2 protein chains.
Amino acid sequence: MAHVSRARQKVAVTADLVILTIREGRLCVLLVERAGEPFAGSLALPGGFLRGAESLEDAAARELAEETGIAAAKLYLEQVGVYSEPGRDPRSPRTITCAFLAVAPDLPLPVPGSDARAADWYPVTEARATRLAFDHDRILGEAIEAARDKLQFTSLATAFCGEEFTIGELREVYEVVWDVELDRPNFHRKVTDADGFVVPTGGRRPATTGRPAAVYRAGPAELLIPPMMRPSATKL
Amino acid sequence: MAHVSRARQKVAVTADLVILTIREGRLCVLLVERAGEPFAGSLALPGGFLRGAESLEDAAARELAEETGIAAAKLYLEQVGVYSEPGRDPRSPRTITCAFLAVAPDLPLPVPGSDARAADWYPVTEARATRLAFDHDRILGEAIEAARDKLQFTSLATAFCGEEFTIGELREVYEVVWDVELDRPNFHRKVTDADGFVVPTGGRRPATTGRPAAVYRAGPAELLIPPMMRPSATKL
DNA sequence: GCAATAGTGTCTCTAAGACAGTATCAC
DNA sequence: GTGATACTGTCTTAGAGACACTATTGC
């Protein structure tokens with residue numbers, strides 16, 4: 001093997017964020033319009049380079065705060081993969097990125113990022129039909145698939161809701177992220193029976209129409225037992 | 001923010017491998033004894049620095065071949081996480097590692113690594129009771145937990161077996177990795193019923209004692225439907 | 001015959017899905 | 001009242017687990 005290829009390279013490392021939320025009944029992702037080259041004018045996932053003495057988790061949380069103004073401590077934030085194909089970033093053949101999945105409740109429009117990029121929510125159907133910068137198409141696709149899987153086995157769905165929510169709002173999360181329709185009575189029983197998934201606050205929330213719904217908070221459980229099985233999974 | 005902390009750092013990147021197998025009824029992991037500082041003499045996960053134009057997956061496959069002599073194409077190999085805490089490697093405060101989980105059938109003792117480190121299999125019970133180099137304790141623990149989860153929902157268990165195996169051997173994989181005892185009749189029915197998990201070859205394998213077992217090969221399914229539920233999961 | 005493993009049959013229990021029916025609101 | 005949503009009850013079916021039972025080998 002050639003000597004040069006055995007060298008311990010130093011590489012640039014970024015943390016990129018797939019921030020998902022539900023707005024107007026659609027699954028949306030936060031994208032920024034790139035100001036500079038490469039891919040100027042293209043949409044891209046928010047993210048940035050790893051700085052001084054911080055971990056990738058710190059960097060992801062910092063970027064999240066900069067792009068959305070949300071304190072990352074309040075949010076679900078998790079690694080979903082590392083992307084290291086040589087040449088994936090034309091600036092330098094050796095830039096690798098660690099992708100994070102973040103899930104937020106419906107938020108006010110993001111504040112303009114501190115680096116003056118236009119950030120906005122895009123329905124994932126649109127985002128996936130668009131050519132994103134770098135390999136962000138692939139990252140977005142894999143992060144969404146990870147989120148879909150996590151809904152089955154973890155209480156991730158509550159991260160899409162605010163502090164308090166109704167069973168109907170929680171059901172909408174599953175329906176929107178999985179793009180399916182769920183049986184309302186069965187869903188209600190399932191989530192209220194699952195141990196530690198949701199806990200009633202005692203309050204009720206008057207709806208625009210119909211009987212007011214009981215209000216719940218996220219419970220202590222992180223793993224769902226039994227899991228919420230995704231209907232399409234049985235068909236594959 | 002101070003100027004220095006905003007700089008785009010270049011960092012060293014390694015790929016570390018958690019290579020699991022089953023030997024003599026115990027879950028084992030391949031560890032190497034470190035020859036040089038830091039942590040000289042300590043046990044560590046095999047791994048190495050990212051080189052020229054290769055991805056982390058390439059680097060992991062290359063290290064796997066060097067340490068075990070197995071072509072990585074034949075093996076299950078998957079990212080399980082990135083570890084980037086500043087200071088996790090005393091050589092340089094900025095060395096991050098991407099951990100890979102690999103699963104191998106019972107193999108001949110590994111060939112001495114090309115970098116002349118002593119590599120050997122260790123039962124994970126021993127490995128977890130030992131202080132490994134760097135943050136490899138944590139990486140090993142998280143990789144094993146990932147493997148345990150994957151047994152439930154994917155056909156990963158077949159990767160622990162050879163090309164051909166019996167249902168009893170497959171059951172031993174679950175029993176050893178999960179450290180539980182499973183009901184033989186129910187296990188047999190479950191795996192033979194699950195769609196595309198195992199396919200009979202038609203052969204039979206005479207055992208040391210008892211009725212000869214039918215021989216199976218891994219089926220095309222990657223996802224198990226229905227999943228194999230881990231008994232302890234319901235207790236948590 | 002005995003001991004061991006492989007595999008089948010059957011029962012019970014739990015959970016999922018279908019869906020009828022009741023409760024409570026706005027109008 | 002209608003119409004909407006929230007919830008409850010009940011039936012059927014599928015899968016999990018317990019375990020009795022049969023099958024096939026070496027000794």
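Keep in mind it's a predicted model, so treat the numbers as computed, not measured.
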Participant: Test of understanding: with side chain to side chain contact (heavy atoms under 4.5 Å, CB included), list the residues that count as partners of B/P105, not counting sequence neighbours.
Facilitator: B/L107

Participant: Want to know the stems of DNA chain C: at least 3 consecutive Watson-Crick or G-U pairs with distances under 3.5 Å, which are they?
Facilitator: C:1-27 with D:1-27

Participant: Please report the distance, rounded to the nearest Å, between CD1 in A/I167 and P in D/dT8.
Facilitator: 10 Å

Participant: Return each pair, listed once, that meets ring-ring contact (aromatic ring centres under 6.0 Å, His included) where at least one residue sits in residues 187-222 of chain A; pairs must be two or more places apart or across chains.
Facilitator: A/Y174-A/F187

Participant: Mind checking A/R171 for me? I need base, sugar-phosphate or nothing, with any heavy atom below 4.0 Å counting as a touch.
Facilitator: sugar-phosphate

Participant: Test: ring-ring contact (aromatic ring centres under 6.0 Å, His included). Region: residues 127-149 of chain B. Which pairs qualify, not counting sequence neighbours?
Facilitator: B/F39-B/F134, B/F134-B/H136

Participant: In chain order, what residues pass the salt bridge (Lys or Arg N to Asp or Glu O under 4.0 Å) check against B/E164, with sequence neighbours excluded?
Facilitator: B/R217

Participant: Give the first and the last nucleotide of DNA chain C, reading 5' to 3', that has any atom under 4.0 Å from a heavy atom of chain B.
Facilitator: C/dA4 to C/dT10

Participant: Rounded to whole angstrom units, what separation is found between the CZ atom of A/R205 and the P atom of D/dC7?
Facilitator: 11 Å

Participant: I'd like a table of donor-acceptor pairs (distance under 3.5 Å, sequence neighbours excluded) in which one partner is a side-chain atom from residues 143-151 of chain B, with atom names and distances.
Facilitator:
{"from": "B/E145", "atom 1": "OE2", "to": "B/R230", "atom 2": "NH1", "distance (Å)": "3.1"}
{"from": "B/R148", "atom 1": "NE", "to": "B/V177", "atom 2": "O", "distance (Å)": "2.8"}
{"from": "B/R148", "atom 1": "NH2", "to": "B/V177", "atom 2": "O", "distance (Å)": "3.4"}
{"from": "B/K150", "atom 1": "NZ", "to": "B/E78", "atom 2": "OE2", "distance (Å)": "3.0"}

Participant: Please report the closest heavy-atom contact between B/V29 and B/V18, naming both atoms and the distance.
Facilitator: CG2-CG1, 4.1 Å

Participant: Give, ordered by number, those residues of residues 183-195 of chain B having at least one heavy-atom distance below 4.0 Å to an atom of DNA chain C; if nothing qualifies, reply none.
Facilitator: B/R184, B/P185, B/H188, B/R189

Participant: Provide, to the nearest angstrom, the distance between the CG atom belonging to B/L224 and the P atom belonging to D/dA16.
Facilitator: 11 Å

Participant: A/R138: what forms a salt bridge (Lys or Arg N to Asp or Glu O under 4.0 Å) with it, not counting sequence neighbours?
Facilitator: A/E142

Participant: So, B/T154 side chain and B/L223 main chain: donor-acceptor pair closer than 3.5 Å or not?
Facilitator: no

Participant: Test A/Q79 against A/C98 for side-chain contact (heavy atoms from CB on, under 4.5 Å), laying out the working first.
Facilitator: CA-CA 7 Å; A/Q79 279 183 28; A/C98 183; 3.8 Å; yes

Participant: Taking only N/O atoms, report every protein-nucleotides 25-27 of chain D pair under 3.5 Å with atom names and distance.
Facilitator:
{"from": "D/dT25", "atom 1": "O2", "to": "B/G210", "atom 2": "N", "distance (Å)": "3.3"}

Participant: Sorted by first residue and then second, give each side-chain hydrogen bond (donor to acceptor under 3.5 Å, both in side chains) pair with at least one member in residues 195-205 of chain A; sequence neighbours left out.
Facilitator: A/E169-A/R205

Participant: With A/D106, which residues qualify under salt bridge (Lys or Arg N to Asp or Glu O under 4.0 Å), at least two apart?
Facilitator: A/R23

Participant: Using whole Å, what does the distance between atom C1' of nucleotide D/dA6 and atom CZ of A/F165 come to?
Facilitator: 16 Å

Participant: Taking the side chain as everything from C-beta on, heavy atoms only, tell me whether A/Y122 gets closer than 4.5 Å to A/L30.
Facilitator: no

Participant: Counting only N and O atoms by type, is there a donor-acceptor contact under 3.5 Å from the side chain of B/S84 to the main-chain atoms of B/I96?
Facilitator: no

